[in-house]
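Below is one structure, written out as structure tokens; the observations come after it.
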Amino acid sequence: MDVANLASQLNATTILPEGVLVISLILVLLGDITFGRSSAKWTPYLAIASLVACLYLLYTQWDQANPIGFLGSFHADNLSIVFRAIIALSTLVTILMSVRYIEQAGSSIGEFMTILMTATVGAMFLCGAEELVMIFISLETLSIASYLMTGYMKRDARSNEAALKYLLIGASSSAVFLYGLSLLYGLSGGKTHLDDIALALADTSKSLALVISLVFVIASVSFKIAAVPFHQWTPDVYEGSPTPVVAFLSVGSKAAGFALAIRLLTQAFPNLVEQWQFIFTALAILSMVLGNVVAIAQTSMKRMLAYSSIGQAGFVMIGLVLGTEAGYASMVFYLLIYLFMNLGAFTCVILFSLRTGTDEIGDYAGLYLKDPLLTLALSLCLLSLGGIPPLAGFFGKLYLFWAGWQAGAYGLVILGLITSVVSIYYYIRVIKMMVVKEPQDMSEVIKNYPSIVWKPLGMRPLQIGLVLTLIATSLAGVLSNPLLTIVNSSVADVPRFKQAAIPTTIDVAAIHPDTPTIAPEL
């Protein structure tokens, strides 16, 4: 094989966005080693610039003629581009909110940025990986970096405890996943590419070994997306971890998990589609019910948002189990919306904890009287998570439930509506705590609330992140046409989904006159 032929088969330009991030994280690490704490003034902005460049490169790769790279191991199709963009955006906002948080904690910003961007690279590779070895290495890159970020506050006993729990459960999950992949490798006759595995298993009967492999893979994916009953790590890890890490895990890591689920399950298990859809239906029901019901009893904002993220994963799984283009499109659209409203809520929690040192819900009493901007931003993000119109979360749930209703998943849609109403209760409870309280009913924390200052290092990026997520949460639903066009194209252009999908058309004009149809007639 000559060099030119090898270069064309490698097609390294497919991973150019990830390459930019790798170069950037090396520069950030070298800057931290060379200049020490003084590098904190420019390393975050270098990381942000690289993420912006990464997003631009992803934009230029849209509808590229040859999306296959590295001898078929990486597929930079439109679906992977959307998921990689979601992860890059979540990292960008996480960096904006983390600079002041890490600086105030007395830790190294450069090291944190390096670990965060390593997790980002692993998550982005996972979204396009189509070969078993690459899938596992990408997953472990994301997982190990996540363990390190969870325990980054070495002086905090809660952070150390969270990291240990996450490491032990995550290592078990990785072992189970690897065993499931090894079974898949053996049953396919030694194939590692997903296309080859699908061909090898196309005529295979539903053997016990194949079913065990499916169960092991689903268990690992469910751990990554925090689906019940594989959610046990979530509340403790969310409560003990640094808040910016929680924000990334709740969006970036979860998006990578769903990307893995779509690509691996729909392609590598051609004879077990009904089985894995049934399992995910059960997981969606359990996640929606437990996540939203248990969140009512929480007194910590981070634990409440942890259970909220479990419930949100249940909503997203509705689109996964439908088996239609409309289901996948509405699922990706909801993840894109969830990015802004969830990270906006965590930005508000970080800002409040920086000023007060607490995240207890009771301490928010009377916040409106001292900080109207923070109250407004947190209220809009929570209302959007609950699905209140005309915020972005309402349109996300609307399209998701409408896709489910058109596909005949009436039980899932009705349960989703009921649990959404339950979620509105605990979101509005926080808003009432901030807004309704009289001056004499303010908490002691609010009575001693410090003056609002944006000059310290890292406060301006935090303010920018707050404003950006607030604007996106407020307008992304109303101006959803471009987003719907993007997610519709990302799903419709993947042939394997067209073959697996049941032709379904969402009559979006009936519910949103200015919005194009999510899934056209095939």
Any residue meeting salt bridge (Lys or Arg N to Asp or Glu O under 4.0 Å) with [X], in chain and number order, not counting sequence neighbours:
X: E18; result: R84
X: R100; result: none
X: E239; result: R303
X: K165; result: E161, D236

Could you state the interatomic distance from [atom1] ([X]) to [atom2] ([Y]), rounded to the nearest 0.5 Å?
X: L367; Y: Y449; atom1: CG; atom2: OH; answer: 5.5 Å
X: D359; Y: I350; atom1: CG; atom2: CD1; answer: 11.0 Å
X: L30; Y: I26; atom1: CG; atom2: CD1; answer: 7.5 Å
X: L466; Y: C348; atom1: CG; atom2: SG; answer: 5.0 Å
X: F70; Y: E131; atom1: CZ; atom2: CD; answer: 12.5 Å
X: S384; Y: Y338; atom1: OG; atom2: OH; answer: 11.5 Å

Measure the shortest side-chain to side-chain distance between [X] and [Y] over non-hydrogen atoms and say whether it is less than 4.5 angstrom.
X: S423; Y: L385; answer: no
X: V82; Y: W62; answer: yes
X: S490; Y: I81; answer: no
X: L343; Y: S90; answer: yes
X: L462; Y: V99; answer: no
X: I486; Y: V332; answer: no
X: S107; Y: R155; answer: yes
X: L484; Y: F333; answer: yes

Next on the checklist: Set out, in order, the CA-CA distance, both residues' side-chain angles and the distance that settles side chain to side chain contact (heavy atoms under 4.5 Å, CB included) for T243 and Y238, then state yes or no.
Outcome noted: CA-CA 8 Å; T243 310; Y238 276 37; over 6 Å; no

List the atom of [X], the atom of [Y], and the distance in Å for their closest heavy-atom pair.
X: G31; Y: S39; value: O-CB, 3.6 Å
X: A256; Y: I87; value: CB-CD1, 4.0 Å
X: M304; Y: A295; value: CG-O, 3.9 Å
X: G110; Y: V28; value: O-CG1, 3.6 Å
X: S287; Y: A227; value: OG-CA, 3.5 Å
X: R263; Y: C127; value: NE-O, 3.0 Å

Under the side chain to side chain donor-acceptor pair (under 3.5 Å) test, residues paired with [X] that sit two or more places apart:
X: Y426; result: N292
X: S98; result: none
X: T234; result: none
X: T356; result: none

Item to check | Non-neighbouring partners of F216 that pass side chain to side chain contact (heavy atoms under 4.5 Å, CB included), sequence neighbours left out | outcome: V176, Y179, I212

Item to check | Full working for side chain to side chain contact (heavy atoms under 4.5 Å, CB included) between S300 and E360 | outcome: CA-CA 4 Å; S300 166; E360 292 296 315; 4.0 Å; yes

Checklist entry - Between I68 and T14, is a side chain to side chain contact (heavy atoms under 4.5 Å, CB included) present by the stated rule, with each step listed? => result CA-CA 7 Å; I68 306 297; T14 55; over 6 Å; no

Got a donor-acceptor contact below 3.5 angstrom from the [X] side chain to the [Y] backbone?
X: T150; Y: S159; result: no
X: N160; Y: K154; result: yes
X: S24; Y: V20; result: no
X: T473; Y: L470; result: no
X: K397; Y: F315; result: no
X: Q64; Y: A76; result: yes

Checklist entry - So, T114 and D32: side-chain donor and acceptor under 3.5 Å apart, yes or no? => result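 Checked: T114/D32 side chains show no N/O donor-acceptor pair below 3.5 Å.
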
Next on the checklist: Does either side chain, that of D363 or that of S443, offer a donor lying less than 3.5 Å from an acceptor on the other one?
Outcome noted: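 There is no such pair (donor and acceptor under 3.5 Å, judged by atom type) between the side chains of D363 and S443.
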
Checklist entry - In this structure, are over 12 heavy atoms from other groups packed under 6.0 Å from Y185 atom OH? => result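 Check fails, neighbour count at 12 or below.
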
Checklist entry - Under 6.0 Å from the NZ atom of K41, do we count more than 12 heavy atoms belonging to anything else shown? => result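 Not more than 12 within 6.0 Å, no.
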
Item to check | Sequence neighbours excluded - ring pair (Phe, Tyr, Trp, His ring centres under 6.0 Å) pairs with any residue from residues 94-122 | outcome: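 Passing the test, one end in residues 94-122: F112-Y152.
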
Next on the checklist: Please evaluate residues L335 and F83 with respect to the criterion side chain to side chain contact (heavy atoms under 4.5 Å, CB included), reporting the C-alpha separation (whole Å), side-chain torsions for both, the decisive distance (0.1 Å), and the verdict.
Outcome noted: CA-CA 9 Å; L335 282 172; F83 274 107; 3.5 Å; yes

Checklist entry - For F223, what residues pass the ring pair (Phe, Tyr, Trp, His ring centres under 6.0 Å) criterion, not counting sequence neighbours? => result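 F223 satisfies ring pair (Phe, Tyr, Trp, His ring centres under 6.0 Å) with W233 only.
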
Checklist entry - Which of parallel (below 30°), tilted (30 to 60°) and perpendicular (above 60°) describes Y56 and Y59? => result tilted

Checklist entry - Tell me the side-chain hydrogen bond (donor to acceptor under 3.5 Å, both in side chains) pairs involving residues 135-144, sequence neighbours left out? => result E140-S174, S143-K224

